Amino acid sequence: MENRESNLGSNMPYGAAIREAQASGDSARIHQATEHARRWLQDNAGHEKHGEVKAALRELEESRGS
């Protein structure tokens, strides 16, 4: 079985990993996913997955009232 948290430690915070952190309800995991996504978005503006990651981060932030 794949360790889903390993996606958060990779170079790109895939949208699915961000959404899984949100669904977990684990505030530490959510914080980690949020910070990782923000840094990645800042450093990878032209990446083909930029929109997917940005959308997932926006969903997470809206659900948390950030």
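Just so we're clear, the structure is a prediction, and the values are computed from it rather than from any experiment. Computed from heavy atoms alone, side chains included, the values below leave out hydrogens, waters and symmetry copies.
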Least distance between heavy atoms, Ser24 atom then Arg29 atom
CB-NH1, 3.6 Å
Let me confirm one number: the NE2-CG distance from His50 to Leu41, rounded to the nearest 0.5 Å.
4.5 Å
May I ask you to test the Ile30-Asp26 pair for a side-chain heavy-atom distance under 4.5 Å?
no
Test of understanding: with side chain to side chain contact (heavy atoms under 4.5 Å, CB included), list the residues that count as partners of Ala37, not counting sequence neighbours.
Pro13, Ile18, Val53, Leu57
If you take all heavy atoms of Lys49 and Trp40, which pair is closest and at what distance?
C-CH2, 4.2 Å
For Ala23, enumerate each residue passing the side chain to side chain contact (heavy atoms under 4.5 Å, CB included) test, keeping only those at least two apart in sequence or located in another chain.
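So Ala23 forms no side chain to side chain contact (heavy atoms under 4.5 Å, CB included) with any residue.
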Could you please spell out the steps behind the side-chain hydrogen bond (donor to acceptor under 3.5 Å, both in side chains) verdict for Gln22 and Ser63?
CA-CA 9 Å; Gln22 178 182 7; Ser63 74; 2.7 Å; yes
Partner set under side chain to side chain contact (heavy atoms under 4.5 Å, CB included) for Glu35, not counting sequence neighbours
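If we apply the side chain to side chain contact (heavy atoms under 4.5 Å, CB included) test to Glu35, skipping adjacent residues, the hits are His31, Arg38, Arg39.
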Apply the test side chain to side chain contact (heavy atoms under 4.5 Å, CB included) to residues Leu60 and Arg19: give CA-CA distance (whole Å), side-chain angles for both, the deciding distance (0.1 Å), then the verdict.
CA-CA 7 Å; Leu60 184 134; Arg19 289 179 180 101; over 6 Å; no
